[in-house]
Peer 1: 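First, the structure itself, so that you have it in front of you.
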Amino acid sequence: MRNYLKYAVVLTLLAALLALGGISCSGSEEGATPTPAATEKPAYKVGALFSITGANSNLGLPEKETVDMMVEKINAAGGVNGHPLELIFYDTETDPAKCATLATRLIEQDNVLAIIGPTGSPESLAIIETVTTAKIPLISCAANIGIVTPVSERYWVFKTPQADKEVAAEILRYMQAKGITKVAIITDTNAFGAGGRTVLKRDAVNYGITIVDDQTFASEDTSMQSQLTHIKGTDAQAVICWSTDKPAAIVAQDMKTLQMTIPLFCSHGIANAAFITNAGAAANGVIFPAGKLLVVNEVPATDPQKDVLTQYKADYETKYAGKKASTFGGHAYDSLSMVVIALGKIQEGLTTAATRQAVRDQVEKIQNFVGISGVFTMSATDHLGMQPGSLALIKIVDGKWTWLQQ
Amino acid sequence: MSADQFLQYLVSGVTQGSIYGLIGLGFTIIYAVTKIINFAQGEFVMLGGLLSFTLAHSAGLPLAPALIVAVIIASLIGAFMYLLAIRTAKSASVVSLIIITIGAAIFIRGIAGELWGVDAVRPPYFSGSTSLSFLGAYIHPQALWIIGTTVVVTIILHLFLTYTMVGKALKACAINPVASSMVGVNPKIMALIAFVMAAAIGGIGGVVMAPFTLTAYNVGVMLGLKGFVAAAIGGFKSPLAAVFGGLLLGIVESLAVAANWGPFTSAYKDAIALIVLMLILLVRSGKLAEEERTG
């Protein structure tokens, strides 16, 4: 009898051990642990690729700072459904080849569930193949529309910044309203500038506008006077410059040097305080479309984005004293927010591959997400999802951004 | 193309060419004395620009002392680079030393990125930004400073090499290091002087061009490349040849934009610079081989 009892006790213990083992294997702690689950749930790992060095570093740095700030805030508030958020960040050095290696490392070694970034279009385009093969969602922070089109080949890829198309349309519509019919374009030869050049050349005719001169420059060029001299020799009524802030500041300065009086329009690439500082007096009168963040004080209270914009600006400028919130940080805010929304809706206890699939599916279902760059409604046919009215046309007056009322 | 326009292209080309030539000068000096191609030359230009920004803008120094201090610091960094990176590898081949300069360039750039951050900055203009009219073409006052500085630096350098003892010793060392060391010229001291001079000229270039071209921690790469092309066109022979190489490059780049025909559009501006270099190297390669044979 005693032997039987012993036998039974051993069996029960074994069964209990097995049951416990089973629980920890399945990774599901729902109801199994009475203690607060927040610290015990496995972290949700998200990869981030930004250019904090190299040519795009002035865009990548605010992106990195923004996500650091957000992760801190999310984890302080208990994480996502009790899972802490773990951000694994690598610097792409603005190098597409390097970026592709880092993307593979995030996927294979770090086992992240989704990737946000990269900062620039060339790096983003360089890793589409990688993420598609690995079946992992990517939410890019870069401009080029080719990142999310054709959507049939971009099942795993989304992006948050306004596409070149919307930005170009905003400029061309304004020009049409002002009776401008002949323009000269001067664009960077990198992927960002080339994307803008293609869209401008394709869409200008829809607004009754002829491109009378088409000049380009390299991002590192130190003067654009020769190109502008060529433009000056045409009958262009305005110049559109498509580049980031440093070359655009040189274009503005050189136009002033050549005493060109026609207006200069720029892309959203100059939505950075550095442009105004570096172009100095030559910045005045420059018109460009950008997210509403730059003119947040002029955004009416009725605007759906008003609260989000005000909050983000206040948070960022409190945490990083002396720095100004930029729309680029806003792209990272939107990308990470979407991943967090998706993670908040997925089931517990899925395998890594199934979680990546679920996150992708949830991102595609995002409806009316109010972000920094705009209001987003994703769908199977639109992986940008930015709703009309997200852009503001901004004019630099006396060294300040002002909302240009049309 | 009207005459005004042509002149404008020339003015732009000469401005750019002066920048390239000034950087090319630094390459030539170090090459002549040590046979090293110093790929950190562009970094001294970057340092000059960023230091002058910090001293004049952030530290609030008056412009002239800020510029002088910036050049002095850049020169000291040139001296440190020679003493710490080049001299310590004394038995290394010239190719190894060239690779060391690439390493030094990456190191300096990395430190600068940490110190100054990543945004482009503009130090104050020397004499405003109201462009001047010149026979129908316009020129930025800062461009006049750039062209003037290149001319003055070239003349001073020429006089220094021709009429001073140290200059003659440098030249002697360049022509025949063994023979010159026999008559009491220390090639190590000469190499140090060459590095300091090259860094100083790079710093001067950076200081004078930064208000016009903007500057950031990473501008040294492209500027160094253009300066190298200028020096190569000049055959690494003499300061004057480097400056002419720079001017030729600047003018060809500018006129390529003017042509705006076939391959000669702004899109291929940089390619044209490299094509010019290749053509010149092709023509010269026979000559160089001959020099090599005859010693």
Side-chain angles (χ1 to χ4, degrees), chain A residues 51-62 93-94 186-189 193-194 197 213-234 244-250 253-260 272-275 277-282 323 326, chain B residues 1-2 4-9 11-13 15-16 19-20 109-110 113-114 117-122 124-125 129-133 137-143 209-219 221-223 225-226 250 253-260 265-270:
Chain A
S51 314
I52 62 165
T53 56
N56 279 341
S57 45
N58 52 344
L59 322 185
L61 208 55
E93 298 170 21
T94 323
I186 177 162
T187 55
D188 200 324
T189 48
R197 178 168 175 262
D213 201 1
D214 171 17
Q215 296 290 330
T216 59
F217 54 81
S219 313
E220 296 88 358
D221 279 1
T222 46
S223 167
M224 285 54 158
Q225 266 183 23
S226 308
Q227 289 94 324
L228 290 166
T229 303
H230 198 272
I231 290 174
K232 204 182 170 189
T234 67
T244 48
D245 63 272
K246 181 173 171 253
I250 298 176
Q253 168 195 270
D254 287 350
M255 279 182 72
K256 186 166 174 273
T257 303
L258 296 177
Q259 308 206 339
M260 293 169 76
N272 192 319
F275 175 78
T277 326
N278 290 334
K323 293 198 173 191
S326 78
Chain B
M1 191 181 354
S2 67
D4 286 2
Q5 239 185 321
F6 182 73
L7 191 65
Q8 187 69 61
Y9 284 117
V11 166
S12 309
T15 310
Q16 286 299 297
I19 291 176
Y20 303 155
R109 202 180 310 139
E114 285 300 315
V118 295
D119 282 338
V121 295
R122 180 199 294 287
Y125 294 115
S129 63
T130 314
S131 64
L132 310 164
S133 177
Y138 295 103
I139 186 159
H140 196 283
Q142 195 67 32
M209 75 180 71
F212 184 72
T213 64
L214 302 192
T215 192
Y217 80 105
N218 60 354
V219 298
V221 185
M222 189 67 165
L223 290 175
L225 188 71
K226 292 285 173 77
E253 277 189 356
S254 186
L255 290 180
V257 175
N260 205 42
T265 64
S266 50
Y268 296 98
K269 202 181 77 176
D270 291 335

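Below, chain A is the first sequence line, B the second, and so on; all start at residue 1.
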Peer 1: Using side-chain heavy atoms (C-beta onward) and a distance below 4.5 Å, is Gln16(B) in contact with Thr222(A)?
Peer 2: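 With C-beta onward as the side chain, the pair touches.
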Peer 1: Need one label for Ala279(A): side chain, backbone, both or neither, based on atoms under 4.5 Å from any heavy atom in chain B.
Peer 2: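 The backbone, not the side chain.
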Peer 1: Would you mind telling me which of Val121(B), Val11(B), Thr15(B) has the largest number of heavy-atom pairs within less than 4.5 Å of chain A?
Peer 2: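 Sorted descending by pairs with chain A, the first entry is Val121(B).
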Peer 1: When rounded to the nearest 0.5 angstrom, what distance separates CG in Asp119(B) from CG in Leu61(A)?
Peer 2: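 One finds 8.0 Å between CG of Asp119(B) and CG of Leu61(A).
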Peer 1: Answer with side chain, backbone, both or neither: which region of Pro211(B) has an atom nearer than 4.5 Å to a non-hydrogen atom of chain A?
Peer 2: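 When you check distances to chain A, only backbone atoms of Pro211(B) fall under 4.5 Å.
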Peer 1: Can you tell which part of Ser133(B) gets under 4.5 Å to a heavy atom of chain A, answering side chain, backbone, both or neither?
Peer 2: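 Looking at Ser133(B), nothing touches chain A.
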Peer 1: Output the distance between atom OG (Ser223(A)) and atom CD (Glu253(B)), rounded to the nearest 0.5 Å.
Peer 2: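 Answer for the OG-CD pair, Ser223(A) versus Glu253(B), is 10.0 Å.
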Peer 1: Side-chain donor-acceptor pair under 3.5 Å between Gln5(B) and Thr229(A), yes or no?
Peer 2: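 Judged by distance alone, the side chains do not pair up.
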Peer 1: Could you give the distance from CZ (Arg122(B)) to CD1 (Ile250(A)), rounded to the nearest 0.5 Å?
Peer 2: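 Answer for the CZ-CD1 pair, Arg122(B) versus Ile250(A), is 7.5 Å.
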Peer 1: Between Val118(B) and Ser57(A), what is the shortest heavy-atom contact and its length?
Peer 2: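 Smallest interatomic distance, heavy atoms only, reads CB-OG, 3.1 Å.
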Peer 1: Looking at chain B, which one of Asn272(A), Thr277(A), Thr257(A) has the largest number of heavy-atom pairs inside 4.5 Å, strictly under?
Peer 2: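 Answer, by heavy-atom pair count under 4.5 Å with chain B: Thr257(A).
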Peer 1: Tell me whether Tyr125(B) at atom OH has more than 12 heavy atoms from other residues, nucleotides or ligands lying less than 6.0 Å away.
Peer 2: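 Count over threshold, so yes.
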Peer 1: Kindly compute the distance separating CG (Asp221(A)) from NZ (Lys226(B)), expressed to the nearest 0.5 Å.
Peer 2: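 One gets 5.5 Å once the value is rounded to the nearest 0.5 Å.
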Peer 1: State the NZ-CG distance between Lys232(A) and Asp4(B), to the nearest 0.5 angstrom.
Peer 2: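 If I round to the nearest 0.5 Å, the distance is 8.0 Å.
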Peer 1: Looking at NE2 of His140(B) and CG of Asp254(A), how far apart are the two atoms once the value is rounded to the nearest 0.5 Å?
Peer 2: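 Rounded to the nearest 0.5 Å, the NE2-CG separation comes to 8.0 Å.
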Peer 1: State, to 0.1 Å, how close Phe212(B) and Gln225(A) come at their nearest heavy-atom pair, and which atoms those are.
Peer 2: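 Taking every non-hydrogen atom into account, CZ-NE2, 3.8 Å.
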Peer 1: Taking side chain as everything from C-beta outward and backbone as N, CA, C, O, which of these in Ile186(A) sits under 4.5 Å from a heavy atom of chain B? Side chain, backbone, both or neither.
Peer 2: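 Neither part; nothing is under 4.5 Å.
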Peer 1: Answer with yes or no whether the side chains of Ser131(B) and Gln259(A) bring together a donor and an acceptor at under 3.5 Å.
Peer 2: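 Yes, a side-chain donor-acceptor pair sits under 3.5 Å.
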Peer 1: Would a distance-only check, ignoring hydrogens and angles, find a side-chain to backbone donor-acceptor pair under 3.5 Å from Asn278(A) to Leu214(B)?
Peer 2: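 Judged by distance alone, no pair lies under 3.5 Å.
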Peer 1: In terms of heavy-atom proximity below 4.5 Å to chain B, should Glu220(A) be classed as side chain, backbone, both, or neither?
Peer 2: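 Both backbone and side chain of Glu220(A) come within 4.5 Å of chain B.
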Peer 1: Can you tell which part of Ile139(B) gets under 4.5 Å to a heavy atom of chain A, answering side chain, backbone, both or neither?
Peer 2: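 Interface part for Ile139(B): backbone (N, CA, C, O).
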